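The model shown is predicted, which means the values in this text are computed figures rather than measured ones.
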Amino acid sequence: MTTIAKGYAALGPTSALQPFTFERRAPREDDVAISIKYCGVCHSDIHQARDEWGGAAFPMVPGHEIAGVVTAVGANVSKFKVGDHVGVGCFVDSCTTCKTRNVDLEQYMPGLIQTYNGLEADGKTATQGGYSDSIVVKEGYVLSIPDNLPLDAAAPLLCAGITLYSPLNHWKAGPGKQVAILGMGGLGHMGVKIAHAMGAEVTVLSQTLSKREDGLRLGADHYYATNDAETFSKLAGTFDLIICTVGASIDWNQYINLLKVDGSMVIVGIPDGAVPPISAFGLVGARRSLSGSMIGSIKETQEMLDFCGKHNIVSDIEIIRIQDINEAFERVVKSDVRYRFVIDMASLAE
């Protein structure tokens with residue numbers, strides 16, 4: 001029997017989010033039912049709810065940084081039991097029969113089903129996300145949150161955490177490596193924490209020095225303002241790896257020139273407009289690379305959560321009520337949050 005879920009939804013690209021009820025399926029044999037306790041607010045929620053990336057389907061319940069407690073499991077579920085602390089990230093299913101399927105890289109494979117603004121495997125039922133009180137997800141797409149991590153501050157790990165962990169892990173950030181985190185926001189502050197825990201020497205590159213104290217507190221060894229032209233001359237040829245978390249259109253060429261020979265710049269923030277053309281000379285002159293990275297597989301996301309559990313890493317958060325979500329959206333756009341909003345879903349009952 002299906003259940004009625006309560007949440008907040010965008011009914012169209014220009015509408016404010018508002019109360020919304022909808023059906024969740026009853027748990028199947030391989031499903032886990034979850035009571036959502038907290039959900040992080042990601043800037044991509046805003047892009048999709050406002051159809052800024054195109055392809056939006058309404059009504060839309062956003063949210064893919066979900067932390068909650070298991071309330072029921074299907075007969076074939078073996079990994080989870082009632083009462084477990086669990087998370088759900090950016091996707092809830094994927095193709096299991098494609099020739100190109102690779103569980104280590106499933107976020108890049110065809111057939112990925114988004115947690116919201118997508119269609120379930122039946123091709124007709126809309127997926128709805130974590131700005132709600134409950135969700136039902138296949139066991140293979142549910143993640144275990146370490147018991148020592150508080151659910152509220154752990155919620156952003158399901159997107160912001162893995163978005164930074166994956167490239168830092170892939171490009172082997174660690175002892176002896178000079179790593180720069182470009183942007184000190186919801187993504188960037190997670191990059192500082194994780195790169196520091198991996199043992200890298202960490203530099204924050206931020207527009208101003210206004211968040212310098214925070215950056216050093218979170219684990220940065222150095223902090224530079226990019227509105228100071230001397231930064232680019234002083235740091236030329238310094239970094240093995242730069243992770244760009246900035247969602248605005250900036251000149252990537254300036255930052256490519258900060259890389260060492262064989263250094264890599266990895267884009268994880270999606271610019272809201274076109275960026276200036278990339279000069280080939282900045283790349284070929286030092287065998288540098290410009291790459292991109294997107295979230296992580298379920299396997300890697302669990303690895304990230306275990307890593308964060310070991311090192312006691314969570315997001316710096318501001319808890320809000322669901323009734324304040326529209327104000328929170330505006331504050332995210334203005335970068336007026338340190339560093340991630342998290343919705344307390346108990347507020348749905350108010």
Judged by atom type as modelled, is there a donor-acceptor pair below 3.5 Å linking the side chain of S315 to the main-chain atoms of I317? no
Ignoring hydrogens and geometry, is there a side-chain-to-backbone donor-acceptor pair from T231 to Y224 under 3.5 Å? no
Any chance the rings of Y165 and F307 have centres within less than 6.0 Å? yes
Following the transitive rule for hydrophobic clusters with a side-chain heavy-atom cut-off under 4.5 Å over Ile, Leu, Val, Met, Phe, Trp and Tyr, establish whether M190 and I242 coincide in one cluster. no
Just checking, any donor-acceptor pair under 3.5 angstrom between side chains of S289 and S291? no
Which of parallel (below 30°), tilted (30 to 60°) and perpendicular (above 60°) describes H47 and W53? parallel
Please determine whether residues I194 and L241 belong to a single hydrophobic cluster, defined as Ile, Leu, Val, Met, Phe, Trp and Tyr linked transitively by side-chain heavy-atom distances below 4.5 Å. yes
Which heavy atom of L149 sits nearest a heavy atom of N312, and at what distance? CD2-CA, 4.2 Å
Give a yes or no on whether the backbone of T203 and the side-chain of D221 come within a donor-acceptor separation of less than 3.5 Å. no
Would you check if the distance from the ring center of F232 to the ring center of Y255 is below 6.0 Å? yes
R288 and D262 ion-paired at < 4.0 Å: no
Could you tell me whether E330 and R50 make a salt bridge, using a distance below 4.0 angstrom between a side-chain N and a carboxylate O? yes
Answer yes if the side chains of S94 and Y141 hold a donor-acceptor pair under 3.5 Å, and no otherwise. yes
Polar side-chain atom of Q114 near backbone of C90 as donor-acceptor pair, under 3.5 Å: no
Which pair of heavy atoms, one from A160 and one from E65, lies closest together, and at what distance? N-OE2, 3.3 Å
Under a 4.0 Å threshold between the charged nitrogen and the carboxylate oxygen, would R321 count as salt-bridged to D344? no
Please check if any side-chain donor atom of Y116 sits under 3.5 Å from a side-chain acceptor atom of Q48, or the reverse. yes
Can a side-chain donor-acceptor contact be found between D214 and Y339 if the only test is distance below 3.5 angstrom? yes
Look at the side chain of S249 and the backbone N and O of G273, then say whether any donor-acceptor pair between them is shorter than 3.5 Å. yes
Provide the closest heavy-atom pair for I298 versus G140 in the form atom of the first, atom of the second, distance. CG2-O, 3.4 Å
Donor on one side chain, acceptor on other, Y131 and D45, under 3.5 Å: yes
Can a side-chain donor-acceptor contact be found between T125 and D122 if the only test is distance below 3.5 angstrom? yes
Shortest non-hydrogen contact from P156 toward V342: CG-CG2, 3.7 Å
Same cluster (ILVMFWY, side-chain, under 4.5 Å), V332 and M60: no
Give a yes or no answer on whether the side chain of D84 reaches the backbone of K81 with a donor-acceptor pair at less than 3.5 Å. yes
Run the salt-bridge test on K6 and D133 with the 4.0 Å N-O cut-off and return the result as yes or no. no
Any donor and acceptor pair, going by atom type alone, linking the side chain of Q107 with main-chain N or O of S297 inside 3.5 Å? yes
Can you check side-chain hydrogen bond (donor to acceptor under 3.5 Å, both in side chains) on D306 and Q302, steps first, answer last? CA-CA 6 Å; D306 294 341; Q302 187 61 62; 3.1 Å; yes
Could you give me the CA-CA distance, side-chain angles and deciding distance for E201 and H196, then say whether side-chain hydrogen bond (donor to acceptor under 3.5 Å, both in side chains) is met? CA-CA 7 Å; E201 186 169 342; H196 173 74; over 6 Å; no
Can you spot which of R217, R338, K211 makes a salt bridge (charged side-chain N to carboxylate O under 4.0 Å, His left out) with D316? R217
Under-4.0 Å salt bridge between R25 and D31: yes
Side chains of E300 and H170: do they bring a donor and an acceptor to under 3.5 Å? no
In this structure, would Y223 and L258 fall into the same cluster of hydrophobic residues linked by side-chain contacts under 4.5 Å? no
